[in-house]
Amino acid sequence: MTTTLGDPMRIATTLLLIFATSALADEKTARHPFQETVSSAGVERVIIEIPASELVISNGSAREVRLVGTAERDYDGSRDLERAQRIVDASAVRMRMDGTSLVLSRVLGRGAGKRSWTELTMFKLHLSVPEGMSIELEQRFGEVEMKGLFGDVKVDMKAGEVRIETPRRAIRELSVRAHIGEVSTNLGEKVIRKEGIFAGTTDYFNQNGRSSLVVNLAVGEIDIILTD
């Protein structure tokens, strides 16, 4: 999947609206919790295909992939509460096998109504995967935090924040790019910072590593930390 820049102001404005509504949610937020656990047997990578989310990925049991999350939507006054709750109750994220890939995708039930109504529904997710599992994230907007030991990792987003902390010994190739924003890459022996329009790409190669880490973000912030 290749990310194109498009209209930077439109992307940035959409991102600000999403997170502004989330920050102001407080008690005026309808919520629907969900969870799912599947066996990790035969799974080589996890693909996340969700339009927008606040996502945390960490290592868990070697025998399973576990997802815990909520669908959330702000509402304006008591009249809008019923509709907001109906939409989130019909919204969830499900996992399905596609060959050797476990795909996470948004599921909308009949109660979600028009597809345009669901655009402001935010998913807050915590995904636990076995050590060494490969991750591919295809998401338009959101926040992503990853901490642990993974296989190949590819993150491709239009706008948001990405923070990844992983052992340096596991990384063979690293490529991190933001079109507009800020990139901080802590390689242990040095920290590389780039910011502004066309912030550029930071590359790293370790012949003793085994995994690739690729992050491509149109607008936002990237923070990569390679630990000892």
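Every value quoted in this text rests on a predicted model; they were computed, and no experiment measured them. Note: hydrogens, waters and symmetry copies are ignored here, and every other heavy atom, side chains too, is used.
- Salt bridge annotation for Lys124-Glu72: present, with a cationic side-chain nitrogen under 4.0 angstrom from a carboxylate oxygen.
- Judged by distance alone, with hydrogens and angles left aside, the side-chain atoms of Arg163 form no donor-acceptor pair with the main-chain N or O of Met146 at under 3.5 Å.
- In this structure, CD on Glu143 lies 5.0 Å from CD on Glu161, to the nearest 0.5 angstrom.
- Follow the hydrophobic side-chain contacts under 4.5 Å out from Met95 and you reach Phe123 in the same cluster.
- The environment of Lys147 atom NZ is sparse: at most 12 non-hydrogen atoms of other residues, nucleotides or ligands sit within 6.0 angstrom.
- In this structure Asp80 satisfies the side-chain hydrogen bond (donor to acceptor under 3.5 Å, both in side chains) test together with Arg83, sequence neighbours excluded.
- Every pair passing side chain to side chain donor-acceptor pair (under 3.5 Å) that includes a residue from residues 55-66 is listed here, sequence neighbours excluded: Gln35-Arg66, Thr37-Arg66, Ser58-His126.
- Put simply, the side chain of Leu102 reaches to within 4.5 Å of the side chain of Val38, judged on heavy atoms.
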Problem set entry | Steps toward side-chain contact (heavy atoms from CB on, under 4.5 Å) verdict (Val88, Arg73) | CA-CA 7 Å; Val88 297; Arg73 182 183 179 90; 3.5 Å; yes
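- Across all non-hydrogen atoms, the minimal contact from Ser91 to His32 is O-CD2, 3.2 Å.
- Side-chain N or O atoms of Thr201 include none that pairs as donor or acceptor with a backbone N or O of Arg177 at under 3.5 Å.
- Between atom OG of residue Ser212 and atom CD1 of residue Ile171 there is a gap of 7.5 Å, rounded to the nearest 0.5 Å.
- No side-chain donor from either of Thr70 and Arg31 sits under 3.5 Å from a side-chain acceptor of the other.
- Looking at Glu54 and Met122, their side chains come closer than 4.5 Å, going by heavy atoms from C-beta outward.
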For this session: Show your reasoning for whether side-chain contact (heavy atoms from CB on, under 4.5 Å) applies to Val183 and Asp223.
Result: CA-CA 6 Å; Val183 179; Asp223 188 11; over 6 Å; no
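- Here CD1 of Ile224 is found 14.0 Å from CZ of Arg168. Values are rounded to the nearest 0.5 Å.
- When side chains are defined from C-beta on, Phe150 counts as touching Val129, because their heavy atoms get closer than 4.5 Å.
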Problem set entry | Trace of the side-chain contact (heavy atoms from CB on, under 4.5 Å) decision for Asn206 with Arg172 | CA-CA 5 Å; Asn206 170 21; Arg172 181 175 179 83; 5.6 Å; no
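- Atom CG of Leu67 sits about 9.0 Å away from atom CD1 of Ile48, to the nearest 0.5 Å.
- Using modelled atom types, one side-chain atom of Gln139 and one backbone atom of Ser53 make a donor-acceptor pair closer than 3.5 Å.
- With Ser134 contributing its side chain and Asp152 its backbone, the two residues share a donor-acceptor pair below 3.5 Å.
- Glu195 and Arg193 are not joined by a salt bridge, as no carboxylate oxygen comes within less than 4.0 angstrom of a charged side-chain nitrogen.
- Partner of Tyr204 under the side-chain contact (heavy atoms from CB on, under 4.5 Å) criterion, chosen from Thr185, Val176, Leu226: Leu226.
- A 4.5 Å side-chain heavy-atom check between Glu165 and Thr227 finds at least one atom pair inside the cut-off.
- Looking at heavy atoms from C-beta onward, Val65 lies in side-chain contact with Pro130 at the 4.5 angstrom threshold.
- Between Glu136 and Arg45, at least one side-chain N (NZ, or NE/NH1/NH2) sits under 4.0 Å from a carboxylate O, which counts as a salt bridge.
- Of all non-hydrogen atoms in Ala218 and His179, the two that sit nearest each other are O-CB, 3.2 Å.
- Judged by distance alone, the side chain of Glu49 and the main-chain N or O of Leu104 form no donor-acceptor pair under 3.5 Å.
- A 4.5 Å side-chain heavy-atom check between Val155 and Asn216 finds every atom pair outside the cut-off.
- With rounding to the nearest 0.5 angstrom, the CD1 atom of Ile47 is 11.0 Å from the CG atom of Leu137.
- Using a 4.5 Å cut-off between side-chain heavy atoms of Ile, Leu, Val, Met, Phe, Trp and Tyr, with links allowed through other members, Phe34 and Leu55 fall into the same hydrophobic cluster.
- Defined by atom type and a distance below 3.5 Å, a donor-acceptor pair is missing between the side-chain atoms of Glu44 and Ser101.
- For the pair Leu125/Ile50, a side-chain contact is recorded, criterion being any heavy-atom separation below 4.5 Å from C-beta on.
- Contact check for Ile164 versus Leu213: side-chain heavy atoms found under the 4.5 Å cut-off.
- Nearest heavy-atom pair, Ala178 versus Ile222, reported as atom, atom and distance to 0.1 Å: CB-CD1, 4.1 Å.
- Under the 4.5 Å side-chain contact rule for hydrophobic residues, Val56 and Phe141 do not share a cluster.
- Taking hydrophobic clusters as Ile, Leu, Val, Met, Phe, Trp and Tyr residues chained together by side-chain heavy-atom distances below 4.5 Å, Val103 does not share a cluster with Ile135.
- Under a hydrophobic clustering in which Ile, Leu, Val, Met, Phe, Trp and Tyr are joined whenever their side-chain heavy atoms come within less than 4.5 Å, directly or via other members, Leu149 and Val46 fall into different clusters.
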